[in-house]
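Quick caveat: nothing in here was measured; it's all calculated off a predicted structure.
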Amino acid sequence: GVEAAVKRLLTDRHGGNEDFTIITQTAMLDVFGNVMNVVTLAVAGLGAISLLVGAIGVLTMMWIAVNERRSEIGLMRAIGATPGQVERLFLVEAVALTLAGGAIGIALGLGIAGLLRRQKVFAYTYEGKRYDCGSKEGFLEANVELALAHPQVGASIREYLKSLKL
């Protein structure tokens, strides 16, 4: 097919050497699919961990509530409440606590999303020179140029650089 024809043409142009790699769109889509599967698994894992942490939080809150309210539980039992009624009371409290926390989380998420939609938080128009601070040279260049532009130290740095006779 097309891949074989392109491979022959490039091999001819490179003097018979196959010093190149041909990546088809199908191969790229396969790699993209694999990456998306890994991302999906990672997000699912984070969600599972979040649910576990939330469950432990509810468990801890209810454990504390039961321990602090032992006398109240004893009083309810003394006036005739069954163990099932006491258990249902605490389960209702746990559900109410969980629902309230979930509602607050959803409200905060929607509020933050609304703010991000209205405010151009991530959009910034850059003017002037850009520096590649990912490399040591670019980082050094950015620092030297910013230092030279500084009103208090720029002149002394300029004199120092001239004295180096680079």
Side-chain angles (χ1 to χ4, degrees), residues 1-4 6-7 10 18-147 149-150 153:
V2 174
E3 181 181 357
V6 169
K7 191 173 190 177
L10 286 174
E18 194 175 314
D19 56 353
F20 54 86
T21 303
I22 296 176
I23 301 173
T24 63
Q25 184 176 8
T26 306
M28 289 176 66
L29 288 174
D30 288 343
V31 169
F32 180 73
N34 290 338
V35 169
M36 289 307 295
N37 288 339
V38 169
V39 169
T40 301
L41 284 174
V43 169
L46 288 172
I49 291 170
S50 297
L51 285 174
L52 178 66
V53 168
I56 290 171
V58 171
L59 172 79
T60 304
M61 292 294 292
M62 296 318 297
W63 188 281
I64 292 169
V66 169
N67 280 333
E68 288 183 354
R69 295 169 61 190
R70 280 189 177 171
S71 60
E72 186 180 327
I73 295 169
L75 179 62
M76 286 191 292
R77 295 282 292 135
I79 61 172
T82 64
Q85 288 173 326
V86 174
E87 184 179 320
R88 278 191 295 278
L89 172 70
F90 282 97
L91 285 176
V92 167
E93 284 183 20
V95 168
L97 177 69
T98 305
L99 288 175
I104 290 170
I106 289 171
L108 281 173
L110 291 174
I112 291 170
L115 284 175
L116 290 176
R117 209 172 303 123
R118 283 190 213 116
Q119 301 290 325
K120 303 272 190 221
V121 175
F122 301 115
Y124 183 78
T125 304
Y126 292 100
E127 294 178 10
K129 186 173 181 180
R130 293 190 187 188
Y131 301 96
D132 174 23
C133 291
S135 68
K136 293 176 185 175
E137 294 83 14
F139 186 74
L140 179 64
E141 179 185 7
N143 280 295
V144 169
E145 287 199 21
L146 289 172
H150 194 277
V153 295

remark   = d(Leu51 CG, Ile56 CD1) to nearest 0.5 Å is 11.0 Å

task = Identify the heavy atoms of Gln85 and Gly80 that sit nearest to each other, and give their distance.
result = OE1-O, 4.2 Å

ask   = Considering all heavy atoms of both residues, which atom of Thr24 and which atom of Glu3 are nearest to each other, and what is their separation?
value = CG2-OE1, 3.4 Å

key: Met61 CE: over 12 foreign heavy atoms closer than 6.0 Å   = no

key: Test log, rule side-chain contact (heavy atoms from CB on, under 4.5 Å), inputs Glu87 and Thr82   = CA-CA 9 Å; Glu87 184 179 320; Thr82 64; over 6 Å; no

inquiry  = Nearest 0.5 Å, please: how far is CZ in Phe32 from CG in Asn37?
reply    = 10.0 Å

inquiry  = Check Glu93 with Arg69, please: is the shortest side-chain N to carboxylate O separation under 4.0 Å?
reply    = yes

key: Euclidean distance, Leu99 CG relative to Ile104 CD1, rounded to 0.5 Å   = 11.0 Å

key: 4.5 Å side-chain heavy-atom contact, Met76 and Leu89   = yes

ask   = How many angstroms lie between OG1 in Thr26 and CG in Leu29, if you round to the nearest 0.5 Å?
value = 6.5 Å

task = Look up atom CG in Leu75 and atom CZ in Arg70, then write down how far apart they are to the nearest 0.5 Å.
result = 16.0 Å

key: Considering all heavy atoms, the nearest Val153-Ala147 contact   = CG2-O, 3.8 Å

query = Taking atom CZ of Phe139 as the centre, does the number of heavy atoms from other residues, nucleotides or ligands within less than 6.0 Å exceed 12?
reply = no

Nearest-0.5 Å distance, CD of residue Glu68 to CD1 of residue Ile73 = 11.0 Å

